[in-house]
2 protein chains.
Amino acid sequence: MKRKITLKQIAKELDVSISTVSKSLRNSLEIGEETRLKVQAFAKFYNYKPNNIALSLKNRKTKSIGIIIPEIVHYFFSTVINGVEQVANEYGYSVVICVSDDSFDKEVLNMEMLANGSIDGFIMSLSKETQFKGDFHHITEVINQGMPVVMFDRVTNDILCDKVIIDDKAAAYEAVQSLIDNGRRKIALVTTVDYVSVGKLRTDGYEKALLDNGIAFSEDLIIKIEDVDTCEITISELLHARAFDAVFAVNELFAVTIIKTANKMGLKVPEDLAVIAFTDGIISKYSTPTITTVSQSGEKMGSKAAKMLIERLEAEEDDDEEHTENYTTEVIETHLIKRESTD
Amino acid sequence: MKRKITLKQIAKELDVSISTVSKSLRNSLEIGEETRLKVQAFAKFYNYKPNNIALSLKNRKTKSIGIIIPEIVHYFFSTVINGVEQVANEYGYSVVICVSDDSFDKEVLNMEMLANGSIDGFIMSLSKETQFKGDFHHITEVINQGMPVVMFDRVTNDILCDKVIIDDKAAAYEAVQSLIDNGRRKIALVTTVDYVSVGKLRTDGYEKALLDNGIAFSEDLIIKIEDVDTCEITISELLHARAFDAVFAVNELFAVTIIKTANKMGLKVPEDLAVIAFTDGIISKYSTPTITTVSQSGEKMGSKAAKMLIERLEAEEDDDEEHTENYTTEVIETHLIKRESTD
DNA sequence: TTTCAACACTACCACGTTTTCGTAAAGCAA
DNA sequence: TTGCTTTACGAAAACGTGGTAGTGTTGAAA
């Protein structure tokens, strides 16, 4: 077991100084060719690689970026990571991942853990609990320390930073409009509780589409689901209680549950009930019938976020001091993917 | 924008030495109470936190573990990450993730990137290409440098290290046996190419179950799929060409594709065709019909792997030198989750 | 008065790297 | 010989931390 070799060891072995070794390896002209080649050969033989930690300490940058997300076993979030990962790799960055589990405390803890030098910047999506509490001090703090943060999907207006989002309201509007265009008038909405920012926005889009088309908006046709595990029951109740011919669900899971429940009740999708879901994931593609969805490219969001972050990081290098804080919010376009659950 | 404060800055501000500050913060008795409290108050006010990088350099350990997996947008792998993440967090470790994209080169590159001090140990599952080439020098190298590696799921006998696997062969055997117990005799197998270790093992289990039950084993009923994207065509061909009453698929995706294709052909699942899939994921739960699967708890594998790795890391601290290399291979139990795709 | 211990703190080193500055030796012109 | 440049290298600081060893002062016991 040969431990990694260091400059110091090479220097000692070859009986030269550490600086000579360092310079030789960086091909400095200061060092005579003979010595230079000798050092390089030796280093190559022992497979010398500079120690990242030492470099980080010296350069005050780690070349890694932290991602904080609510869940990882989640199609959308994992596609985002994928996007980030690809861009990060391209630019020589590593990706450190922490999962907040939708808990405020874990989010804070994770951020603090990473903020002390482990990473150069954050890419994050807020946990439900954080959105509920509206407490963003941990993020402000990190930003105040000069660490760039890029938020995506679940963002907040209370924090000034770069953001990557989709136009949730417009996308929801488009989805509902398409249902209306197909002659559906009684459209239900299955969404999350309001404090989840994207849930609220999608609800707004739904409402606007109805009103613009002169369709009465009724609270009775809306259910807000807090706990995913019990959504089956709630959805079943809705289906039994009310009559409607279309549903807009803010995620795949709700949608597929609706379809399954409807089928059990003898309703046919899409004939009796058209279904559109937000977020194009794996379920929509493989459920029966396949589900029409609003695609929301997590990969694009991730790679865009990573690009924004890295750009800011590399920009800092040059100006170093107080660059003008012109934060941007990037809107990723969505589109409707028509499948079998609508006609 | 106040950058993070350091010991040095505190020392300067309070006009004491750096060591005094350091010791005060660690509550050393060497420092008089007055000074100690003054320093602590000051540090608290400026929210002092020791710099992780400096600590890593000093302690020669980073308190982070690297995960290398073939894909991240993948139910099984993301559950594994989840398991790792939880345990890691519990022990104060961060998780750095790299995706090999099933490419040998990316796997090597990622490992090299992380091996130079960024992490204390690896948890990994081999990329397809690596398994195909059988080239594991990058892993040997890392291990030789004294960095512990834990492999999971896609492992190899060519490397000596801790491993976490399931008994793929036995699990496949059990699945096929259950089909036979239900009176199925013509059982097809849809699997991956042989060089994927788990694919091969599952094929072996399938074969053994047939033979043990006195059922002829026929190559005609086996298809090995290389490219997931074109599996639909291949599967469709199989369904048209051969007659069989049950299928064992080595993953969910194959299974759901089989079901959909069978439905199109007018075959009823499970009446005409029983289907069992390996790997219990989200598709199986939500497809119609829901799919009977072999559960393979990624979370358990992840947390087990993390525990093994961390244990080894903390053990190293004590003995420091050459601990007896008694590597273990942990086998996670599986069980059959019966759903609608079988009777 | 001397000696010793307790106290309160500072100096220094190590971790691995890069980089700035310094300097000895050699070469060369005046 | 003197003065200057060039070549080839080394010393040391810096990044931030924490531990060991050391130092100087004070007060009290011998």
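Below, chains carry the letters A, B, ... as their sequence lines are ordered, and counting in each starts from 1.
- Residue A:Ser56 is out of contact with every strand shown, counting any heavy-atom pair closer than 4.0 Å.
- Taking each heavy atom of B:Ala88 and B:Val95 in turn, the nearest pair found is CB-CG2, 3.7 Å.
- Residue B:Arg36 places no side-chain N or O under 4.0 Å from the OP1 or OP2 atom of C:dA8.
- Scanning all heavy atoms of the two residues, the minimum distance from B:Ile65 to B:Ile119 falls at C-CG2, 4.1 Å.
- Counting heavy atoms from C-beta on, the side chains of B:Leu25 and B:Tyr48 come closer than 4.5 Å.
- One finds a salt bridge joining A:Arg312 and A:Asp162 here, because a Lys/Arg side-chain nitrogen approaches an Asp/Glu carboxylate oxygen to under 4.0 Å.
- Looking at A:Thr20 and A:Ser17, their side chains do bring a donor and an acceptor atom within 3.5 Å of each other.
- A:Phe122 pairs with exactly one of A:Ile143, A:Leu114, A:Val96, A:Ile67 by the side chain to side chain contact (heavy atoms under 4.5 Å, CB included) rule, that one being A:Leu114.
- For residues 34-45 of chain A, the set of pairs meeting the side chain to side chain donor-acceptor pair (under 3.5 Å) definition, not counting sequence neighbours, comprises A:Asn27-A:Gln40.
- If you measure from atom NZ of A:Lys58 to atom P of C:dT17, you get 12 Å, rounded to the nearest angstrom.
- A:Ser64 and A:Ser118 get closest at one heavy-atom pair: OG-O, 3.2 Å.
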A:Glu141 and B:Asn47: side-chain hydrogen bond (donor to acceptor under 3.5 Å, both in side chains), yes or no, with the steps? CA-CA 10 Å; A:Glu141 206 163 278; B:Asn47 193 24; 3.1 Å; yes

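- For the pair A:Leu14/A:Val21, no side-chain contact is recorded, criterion being any heavy-atom separation below 4.5 Å from C-beta on.
- Considering only side-chain atoms of B:Ser19, the nucleotide from C:dT10, C:dT19, C:dG16 that sits closest is C:dT10.
- For the pair B:Arg154 and B:Leu126, the tightest heavy-atom approach, listed with the atom from each and the gap, is NH1-O, 2.9 Å.
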Which pairs, protein N/O on one side and nucleotides 23-27 of chain C N/O on the other, fall under 3.5 Å?
none

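- Protein chain A contacts DNA chain D from D:dA8 to D:dG16, reading 5' to 3' and using non-hydrogen atoms of the protein with a distance under 4.0 Å.
- Here C:dT18 presents its C1' atom at 13 Å from CG of A:Asn51, a figure rounded to the nearest Å.
- B:Ser127 and B:Glu107 make their closest contact through N-OE1, 2.9 Å (heavy atoms, listed as atom of the first residue, atom of the second, distance).
- Rounded to whole angstrom, the span from the CD1 atom of B:Ile31 across to the P atom of C:dT10 amounts to 7 Å.
- Rounded to whole angstrom, the span from the CD1 atom of A:Ile10 across to the P atom of C:dG16 amounts to 12 Å.
- Looking at heavy-atom distances under 4.0 Å, B:Leu55 makes contact with sugar-phosphate atoms alone, never a base.
- Near DNA chain D, defined here as any heavy-atom distance below 4.0 Å, the residues from residues 22-30 of chain A are A:Lys23, A:Glu30, listed numerically.
- Below 30°, between 30° and 60°, or above 60°: for A:Phe104 and A:His138 the angle between ring planes is above 60°, a perpendicular geometry.
- Along DNA chain C, the nucleotide nearest to B:Asn59 and the one nearest to B:Ser17 differ in position, and the one closer to the 5' end is contacted by B:Ser17.
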Derivation and outcome, side-chain hydrogen bond (donor to acceptor under 3.5 Å, both in side chains), residues B:Asn116 and A:Lys4: CA-CA 8 Å; B:Asn116 288 329; A:Lys4 291 238 68 163; 2.9 Å; yes

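- One interatomic measurement links the two molecules: CD of A:Gln9 to C1' of C:dT17, which rounds to 14 Å at whole-angstrom precision.
- Ionic pairing of A:Lys61 and A:Asp120 is not present here: no N-O contact between side-chain nitrogen and carboxylate oxygen is shorter than 4.0 angstrom.
- Shown for residues 108-121 of chain A: no residue has heavy atoms falling under 4.0 angstrom of DNA chain C.
- Rounded to a whole Å, the CG atom of B:Asp15 is 18 Å from the P atom of C:dA8.
- In this structure, B:Glu33 places its CD atom 17 Å from C1' of C:dA6, rounding to the nearest Å.
- The two residues A:Thr79 and A:Gly298 make their nearest non-hydrogen contact at OG1-CA, 3.4 Å.
- Note: B:Phe76 and B:His74 have perpendicular aromatic rings, judged against thresholds of 30 and 60 degrees for the angle between ring planes.
- If one axis is set at each end of the helix from C:dT1-D:dA30 to C:dA30-D:dT1 from five pairs, those axes are 90° apart, to 10°.
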